[in-house]
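Written out below as structure tokens is the structure these notes cover.
Each chain gets a letter, A, B and so on, in the order the sequences are listed, and its residues count up from 1.
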Protein chains: 2
Amino acid sequence: MSKAEEAEAVLDEPQGSIAGSRVDHVYNRVKEDIFDFRLLPGDRFTESQVADRLKVSRTPVREALYRLEREGYVFVHFRNGWSVRPFDFVMFENLYELRLVLETAAVRKICDGPDLARIEELKDVWLVADADRVVDSLQAAELDEAFHTTIVDAAENPELARVHNDVIERIRIIRRLDFTQGYRVERTYEEHAKILQALLRRRADTACSLLKAHIEESRAEVRKITIHRLQAARQS
Amino acid sequence: MSKAEEAEAVLDEPQGSIAGSRVDHVYNRVKEDIFDFRLLPGDRFTESQVADRLKVSRTPVREALYRLEREGYVFVHFRNGWSVRPFDFVMFENLYELRLVLETAAVRKICDGPDLARIEELKDVWLVADADRVVDSLQAAELDEAFHTTIVDAAENPELARVHNDVIERIRIIRRLDFTQGYRVERTYEEHAKILQALLRRRADTACSLLKAHIEESRAEVRKITIHRLQAARQS
DNA sequence: GTAGACAAACATGTATGCAAGAGGATGGAG
DNA sequence: CTCCATCCTCTTGCATACATGTTTGTCTAC
């Protein structure tokens, strides 16, 4: 097999991580614990605790924790245990700013590009009659995320998409929490519809400023809910 | 392994690991091997090979390799060895585009911001007489990188800086190679000086378009050199 | 000669044991 | 009581042994 063919074959193979792997299991469980505030920001814990609780040895636990560390969820203290990364609202502001930068770049590239096919598809979800709208707020949150992800994907730069994914994932620590009211759902529909229309008309500037306002609103909302949820978790 | 052999192994290191951690050592060595084309894109290797060569056990090797996998340098094949990620020129184009997005955002934020102190510091390096300029091309490449990193840092968004760092690092796989001529060094001085002056005058649009041209030039140069080096490495 | 079964070699995945260092507990001196 | 040296416990870092699955080469049947 030639070098080139070999390289091709490598790309064709499925990703290394198998779903059934213990490392993945530990990784997912610990991440869920962090997301759902069973592990609070600042909490300390040890590899053995996790290993005992999940009934595996320390080896896969270590690999999972190092992965989480690399992604910024936990810290390792040299020979002195692990801790959940404290909440840092400044960081979240920065993540939102970064997110806006990335999505704005995507919007501009799309408006300059030749093809709006992938954007057109969004019409089926966001430009629909009231009766066809989703009302469940968790489901709506997922749709919202998909909207933004689709836009970034449409810019056809996988590296941009990868980074955007990372940012979204870290924001999702709070985002994923249930939204208290449904009024953001309606507003989201309105705002997305406007952005979408601007995109379809290739009005980059308009789309960007709408996007900026939309993300700012979202940021403020998420911030408010997070503080509330965090306080509630702390008291129990 | 006996104590004496272990001591020898440690002394064997050319650089001497700064952090005593074996994981870091393996991580750095393997990355260097990839950077310097001792490990070619598409090459396959095993954990044991690396462990034997670096005189450590498989445990730190595995942690280092998973780190490299997470960063996109290598792939793990389930129970079937590892391989170096194949070169993908499309990916590099995308990385350069992303880099431009990030740096442009930084420039705009700086120009809108209140404080140019960190930018002023760059004058000491880039706005100097010809006689004070660096001529060594490797050293110049490092200075060039520092220029861009400083700009991003000055935007005061650590998340933006982190992502930018990632992107730069992945570009550096090729960047780090020796530059064939020195003429890019002089051009770099000129271009950086112009960008710097625009920044100091808070001319965001000017700075951005200069930056874009500068990065485009760099991209073209790096691409050319990479293809050349890669072909040379493949033939040996 | 060819196809298929099968086993040996080998790769990673996981568990476990030991070593080294960080941090708190303890006890004595002031 | 306070302070400091010392020890002891606990934690991670690393090495090694074992488990599990993949690949590959060989041997046999046809």
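In terms of the side-chain hydrogen bond (donor to acceptor under 3.5 Å, both in side chains) criterion, residue partners of A:Arg53 (sequence neighbours excluded) are, by chain and number, A:Asp33. Under the salt bridge (charged side-chain N to carboxylate O under 4.0 Å, His left out) criterion, B:Lys123 pairs with B:Glu120, not counting sequence neighbours. Remark: A:Arg44 engages no residue in a side-chain hydrogen bond (donor to acceptor under 3.5 Å, both in side chains) (not counting sequence neighbours). When the salt bridge (charged side-chain N to carboxylate O under 4.0 Å, His left out) test is applied to A:Glu216, the partners found at least two apart in sequence or on another chain are A:Arg219. In terms of the side-chain hydrogen bond (donor to acceptor under 3.5 Å, both in side chains) criterion, B:Gln49 has no residue partners (sequence neighbours excluded). Remark: B:Arg58 pairs with B:Glu47 by the side-chain hydrogen bond (donor to acceptor under 3.5 Å, both in side chains) rule, at least two apart or across chains.
Residue A:Arg58 has no polar side-chain atom (N or O) positioned under 4.0 Å from OP1 or OP2 of C:dT16. Distances shorter than 4.0 Å separate some side-chain N or O of A:Arg22 from OP1 or OP2 on C:dA15. One finds a side-chain N or O of B:Ser57 lying less than 4.0 angstrom from the OP1 or OP2 phosphate oxygen of D:dA15.
Between the OH atom of B:Tyr66 and the P atom of C:dT12 there is a distance of 9 Å, rounded to whole Å. Rounded to an integer number of Å, the gap from CZ of B:Arg62 to P of D:dA15 is 14 Å. Rounded to whole Å, atom P of C:dT14 lies 13 Å from atom CG of A:Leu54. Distance A:Asp52 CG to C:dT16 C1': 13 Å, rounded to the nearest Å. One atom, CD of A:Glu63, and another, C1' of C:dT12, lie 10 Å apart when rounded to the nearest Å. When rounded to the nearest whole Å, the span between CD of B:Glu69 and P of C:dT12 equals 13 Å.
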Identify the pairs formed between an N or O of the protein and an N or O of nucleotides 6-11 of chain D at a distance under 3.5 Å, and give each distance.
{"residue": "D:dT11", "atom": "O3'", "partner": "A:Gly81", "partner atom": "N", "Å": "3.3"}

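Annotation: cation-pi geometry satisfied between B:Arg67 and B:Tyr27 (NZ/CZ under 6.0 angstrom from ring centroid, within 45° of ring axis).
An end-to-end axis angle of 10° holds for the helix from C:dG1-D:dC30 to C:dG30-D:dC1, taken from five base pairs per end and rounded to 10°.
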Candidate pair A:His164 and A:Thr149, rule side-chain hydrogen bond (donor to acceptor under 3.5 Å, both in side chains), full reasoning: CA-CA 8 Å; A:His164 181 258; A:Thr149 303; 4.7 Å; no

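Comparing B:Leu65 and A:Thr59 along DNA chain C, the residue whose closest nucleotide (by nearest heavy atom) sits nearer the 5' end is B:Leu65.
Sorted by first and then second residue, the pairs that involve residues 71-84 of chain B and meet salt bridge (Lys or Arg N to Asp or Glu O under 4.0 Å), not counting sequence neighbours, are A:Arg70-B:Glu71.
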